[in-house]
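This report refers to the structure that appears directly beneath it.
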Amino acid sequence: MIFCQTIKELNQHLETFKGETVGFVPTMGAFHDGHLDLIKRAKKKSQKVVVSIFVNPTQFTNNKDFEMYPRTIEEDIKKLKFSSVDILFCPSVQEIYNSSISIESILKKEAISLPTLFSEGEGAFRPGHFEGVYMVLYRLFSIIRPNIVFFGEKDFQQTLLVKHLIKTTFRKIFLEVVPTVRLESGLAYSSRNTHLSSVGLKKSKVLFQSLQSIKSAFMNGEKKTISLIQKAEGVLKQELLVEKIEYIEIRDPQSFALKKEVEIGDIVLISVFFEGVRLIDNFVIGK
Ligand code: AMP
């Protein structure tokens with residue numbers, strides 16, 4: 001595995017991949033089984049695999065969260081040892097954002113044409129988050145010029161943003177969305193899980209259980225969003241470690257519009273503060 005920190009170095013290696021399918025997995029590091037699954041898929045579907053680790057400052061709503069984000073580069077490199085990744089790209093903030101391309105002007109246009117994706121759902125609670133994600137992906141896609149990009153369904157709204165970015169700017173890139181990898185308890189793997197205590201980790205299964213309660217109520221004929229959400233809230237409120245339910249929403253998976261009546265294929269999205277940690281999850285109804 002080649003380790004690069006600069007675009008210049010990266011380009012030299014990318015040159016040698018000409019004619020081969022390049023799969024790209026962007027990450028913020030602190031690898032868990034979800035990341036490793038994305039990388040495995042990338043290896044299956046492409047001849048060369050580039051993974052990036054970049055804790056992107058522009059997508060954090062507050063500085064403390066950015067500073068607290070787990071950074072475990074040495075362990076991450078160890079985890080990649082047997083993964084057949086070709087390039088691990090770990091650029092500095094300067095390397096990514098010192099560019100002649102003014103992403104801000106592109107972003108302004110997008111924020112107008114994409115109000116729902118930027119400011120609803122996760123965007124309503126993390127102002128500026130998706131603008132930051134958009135900026136970093138714009139830069140990373142321009143630098144790496146991959147054929148296929150791999151993203152987790154765990155960050156569902158992000159996958160819609162990537163679809164949009166591909167449609168408007170990177171038409172030749174193919175997007176592969178990878179299903180969420182979960183612990184036995186049902187909790188989705190997340191770098192933020194490292195902030196949970198061992199008791200918290202066990203009890204966090206309530207998150208998955210709340211999603212399951214929506215699934216079974218729907219299967220039993222309940223179609224009204226309000227009633228389905230109340231079921232999930234009821235499950236969550238029984239667990240003392242749930243400090244706050246930030247949102248539970250049911251949306252159309254293509255338009256991202258909120259649904260009043262639920263159909264198969266709609267997506268349930270949830271964000272909860274649990275033991276001081278913000279956990280997000282989702283599932284598709286009827287899957
Ligand atoms: P992050 O390092 O959190 O930015 O995540 C990098 C990529 O891994 C994103 O495409 C995420 O959606 C994906 N990812 C995060 N958690 C999981 C998971 N539990 N299962 C599958 N993919 C995941």
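Order of appearance sets the numbers: ligands from 1, and atoms from 1 within every ligand.
- Nearest protein heavy-atom contact of atom 12 (O) of ligand 1 is D155 OD2, 2.6 Å.
- Each of the atoms 10 (O) of ligand 1 lies under 4.0 Å from some heavy atom of F151.
- Under 3.5 Å, the side chains of Y134 and Q59 contain no donor-acceptor pair of N or O atoms.
- Here is the list of ligand 1 atoms found below 4.0 Å of a heavy atom in P179: 21 (C).
- By the criterion of a heavy-atom distance under 4.0 Å, the side chain of L38, and not its backbone, is placed next to ligand 1.
- Using a 4.0 Å cutoff on heavy atoms, T180 counts as a contact of ligand 1.
- The aromatic rings of F141 and F170 stand perpendicular to each other, their planes meeting at an angle above 60°, with 30° marking the opposite boundary.
- Residue contacts with ligand 1, taken as heavy atom pairs separated by less than 4.0 Å, do not involve F156 at all.
- Between T27 and ligand 1, no N or O atom pair is found at a separation short of 3.5 Å.
- The minimum heavy-atom distance linking P26 with F151 is given by the pair CG-CZ, 3.5 Å.
- E153 and T180 form no side-chain donor-acceptor contact under 3.5 Å, judged by distance and modelled atom types alone.
- Closest non-hydrogen pair, I73 versus C90, comes out as CD1-SG, 3.7 Å.
- Only the backbone of P26 comes within 4.0 Å of ligand 1, judged by heavy-atom distances.
- Applying the ring pair (Phe, Tyr, Trp, His ring centres under 6.0 Å) criterion to H195, with sequence neighbours excluded, gives no partner residue.
- Of the options R41, H35, M28, the smallest heavy-atom separation from atom 4 (O) of ligand 1 is shown by M28.
- Annotation: atom 3 (O) of ligand 1 to nearest protein heavy atom, Y69 OH, 3.7 Å.
- Protein heavy atom at the shortest distance from atom 10 (O) of ligand 1 is G152 N, 2.9 Å.
- Remark: K231 NZ is loosely packed, at most 12 non-hydrogen atoms of other residues, nucleotides or ligands lying under 6.0 Å away.
- Side-chain contact of S197 with E275: a donor-acceptor pair under 3.5 Å is present, judged by distance alone.
- In this structure, E153 does not count as a contact residue of ligand 1, since none of its heavy atoms falls inside 4.0 Å of the ligand.
- Ion pairing between a basic and an acidic side chain is recognised when a charged N comes within 4.0 Å of a carboxylate O; K205 and E184 show no such pairing.
- Remark: ligand 1 and V181 share an N or O pair separated by less than 3.5 Å (distance only, no angle test).
- A side-chain donor from one of N56 and Y97 sits under 3.5 Å from a side-chain acceptor of the other.
- Distance from atom 15 (C) of ligand 1 to its nearest protein heavy atom, with residue and atom name: H32 CE1, 3.9 Å.
- By the 3.5 Å distance cut-off applied to N or O atoms, Y189 is counted among the residues near ligand 1.
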